[in-house]
Amino acid sequence: MPKKHVPEPSLIFENSRPGRVGCNLPVADTPEVDLAALLGDLRPELDLPEVGELDLMRHFVNLSHINYGIETGFYPLGSCTMKYNPRVNEAAAAFTGFSKLHPMQPTETIPGALEILIGVQEMLQEITAFDHITLQPVAGAHGEMTCLMLIKAYHESRGETARDLVLVPDSAHGTNPASAARCGYDVRSIPTDAEGNTDLASLEKVLSGDVGSRVAALMLTNPSTLGLFEPHVQKVCEMIHRAGGQVFCDGANMNAMVGTTRPAEHGFDCMHLNLHKTFSTPHGGGGPGCGAIGLGEHLAAFMPSPVVRRENGKIIVDEDRPRSIGRVSPYFGQFLMEVRAYTYLRAFGKEHIADISRHAVLNANYVQARLKDVLPPAHDRTCMHECILTAEKYKREHGVRALDISKRLIDYGFHPPTNYFPLIVPECMMIEPTETESKETLDAFCDAMRSILREAVEQPDLLHNAPSTQIVGRLDETAAVKNLDVRWRKPKHVEAAAADGAGGRGFAVAEGIEDMRADSLPSAR
Ligand SMILES: *Cc1c(COP(=O)(O)O)cnc(C)c1O
């Protein structure tokens with residue numbers, strides 16, 4: 001059943017009283033300064049709330065209850081791998097010996113931190129089979145770009161400067177063509193065949209045609225964003241190599257392969273990993289990430305400097321790299337992300353690391369099997385860590401779109417899956433349960449989906465009007481992202497009440513939605 005979830009807005013927004021103070025400042029031990037004389041009067045629009053400490057605390061705790069996160073419920077956002085981040089990771093990252101390091105500290109004073117960096121590098125080397133790893137890139141897209149910079153440097157070192165084209169399958173994540181364009185490459189899209197694999201005939205045609213000699217690289221996501229393992233991956237790599245190009249693996253979907261199969265052995269020249277997906281470190285909202293990359297020996301000379309490596313048992317920070325592409329980030333990357341990834345990897349250990357991918361793939365196939373008759377997979381195959389389902393028939397027959405189904409899921413207490421990606425699947429719903437969810441949670445989610453799909457047939461407006469249980473209704477998501485505005489402002493109904501002498505305060509979440517919020521507040525109904 002849908003869950004009602006409307007925090008009491010008057011508690012959150014309307015408790016200010018003139019002169020009320022929520023903190024005790026210590027007696028000043030410095031001379032008092034008249035700020036107004038120094039800076040001019042405070043801006044009158046800075047109408048700050050005046051509340052007691054308890055009210056303030058409730059305000060923030062109530063706000064936190066409006067949020068949804070992996071720690072409050074199931075979060076099957078496909079391609080993003082929103083897995084649980086074990087608490088022990090945070091405990092390790094909080095050790096003052098790590099968290100209080102200064103990034104400019106001389107390297108001889110940070111042997112423990114370097115040991116962590118090397119430890120992560122060595123474990124990732126083993127997991128991917130690449131000769132080298134660097135942890136400098138701070139996001140997946142950053143790792144993609146760094147790999148393409150290595151590939152560019154490699155071609156240039158061989159005098160192959162006419163290679164200015166990067167091939168990208170049409171199922172790829174948008175960051176792939178963006179990274180290629182950022183490195184100055186032209187991008188050519190490669191179609192997907194009826195089974196969901198790279199269309200080898202089309203690829204062959206491009207490689208043997210006019211532009212074949214211009215190909216610098218192919219960016220292949222494996223498993224693809226269709227949640228499918230590319231069965232011809234070795235063949236694809238061979239074809240590109242024969243044409244003189246390099247093959248990059250988008251490894252954001254590594255959760256399907258950890259401990260089970262190793263990308264360098266498939267023929268890739270380099271890859272990126274999203275530590276903030278596969279290795280549990282939290283991400284989202286632009287938080288810290290790590291887009292570690294792996295590469296073959298032939299690209300090693302160009303690696304970002306400095307290179308941290310072990311030589312005769314001693315850790316060396318090697319800055320003497322004349323052919324390096326240079327730094328791609330300050331210092332050593334996002335160090336505390338590496339501490340979390342290290343902790344996560346060591347907690348599994350070599351014996352259990354394959355459980356990650358085995359359980360992730362099992363969970364995704366379980367969801368696919370339980371929903372198949374009501375929401376068919378885009379390709380009827382064993383999926384990897386995520387299943388890609390299509391709601392096309394609900395759009396055709398009942399005017400209900402994937403987005404409507406997702407919004408209704410919010411009423412049932414679940415975070416929606418990814419929608420409309422990959423772009424080539426109509427009314428796409430991309431569900432990635434990850435390995436950490438129990439069968440009970442997966443069943444509850446599948447039951448909710450089946451119930452919603454019955455509603456789609458019988459009462460489609462329930463879906464069109466969803467969500468109906470939240471503090472806001474359906475937002476203009478583009479406006480909310482592009483014009484985010486969290487300034488406090490009086491909602492219209494409060495203003496009206498103020499005109500009647502009642503007073504009140506409120507916060508707008510994004511430009512243009514305060515009207516909608518006002519409408520959805522119980523007090524406005
Ligand atoms: C998440 C993702 C990326 C980009 O990673 P960011 O850290 O968000 O830059 C690239 N490719 C795929 C398939 C992804 O899922």
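On a predicted model such as this, the values are computed, not experimentally measured, just so you know. We count ligands from 1, going down the list as the structure has it; atoms in each ligand are counted the same way.
- Among protein heavy atoms, the minimum distance from atom 12 (C) of ligand 1 is reached at Ala252 CB, 3.3 Å.
- Of all protein heavy atoms, the one closest to atom 9 (O) of ligand 1 is Ala141 N, 2.8 Å.
- A donor-acceptor contact closer than 3.5 angstrom is absent between the side chains of Asn222 and Asn253.
- In the vicinity of Thr175, heavy-atom distances shorter than 4.0 Å reach the ligand 1 atoms 3 (C), 4 (C), 10 (C), 11 (N).
- Asp404 has no carboxylate O lying under 4.0 Å from a charged side-chain N of Arg408, or vice versa, which leaves the two without a salt bridge.
- Side-chain N or O atoms of Thr278 include none that pairs as donor or acceptor with a backbone N or O of Leu275 at under 3.5 Å.
- Contact check on Glu432 versus Lys83 returns no salt bridge, with no Lys/Arg side-chain nitrogen under 4.0 Å from an Asp/Glu carboxylate oxygen.
- Considering backbone and side-chain N/O of His276, one or more are found under 3.5 Å from N/O of ligand 1.
- Both cation-pi conditions hold for Lys152 and Tyr185: the charged atom is under 6.0 angstrom from the six-membered ring centre and inside a 45 degree cone around its axis.
- There is a protein heavy atom closer than 4.0 angstrom to atom 15 (O) of ligand 1.
- When His142, Met219, Glu144 are checked for heavy-atom proximity to atom 10 (C) of ligand 1, Glu144 turns out nearest.
- Some N or O of Ser79 is nearer than 3.5 Å to an N or O of ligand 1, by distance alone.
- For Ala139, no nitrogen or oxygen atom sits less than 3.5 Å from a nitrogen or oxygen atom of ligand 1, counting backbone and side chain alike.
- Under the 4.0 Å criterion applied to side-chain N and carboxylate O atoms, Asp373 and Arg450 are assigned as salt-bridge partners.
- A salt bridge links Arg87 and Glu71; the closest N-O separation between the charged side-chain nitrogens and carboxylate oxygens is under 4.0 Å.
- Considering backbone and side-chain N/O atoms, Asn176 never comes within less than 3.5 Å of an N/O atom of ligand 1.
- Between Tyr75 and His415, the ring planes lie parallel to each other; the angle is under 30°, not in the 30° to 60° tilted range.
- Polar contact check, Asp250 against ligand 1: a nitrogen or oxygen pair lies under 3.5 Å apart.
- With respect to Lys482 and Asp476, no salt bridge is recorded, no charged nitrogen being found less than 4.0 Å from a carboxylate O.
- The closest protein non-hydrogen atom to atom 5 (O) of ligand 1 is Asn274 ND2, 3.0 Å.
- Distances shorter than 4.0 angstrom occur between a heavy atom of Lys277 and an atom of ligand 1.
- Nearest to atom 6 (P) of ligand 1 among the protein's heavy atoms is Gly140 N, 3.4 Å.
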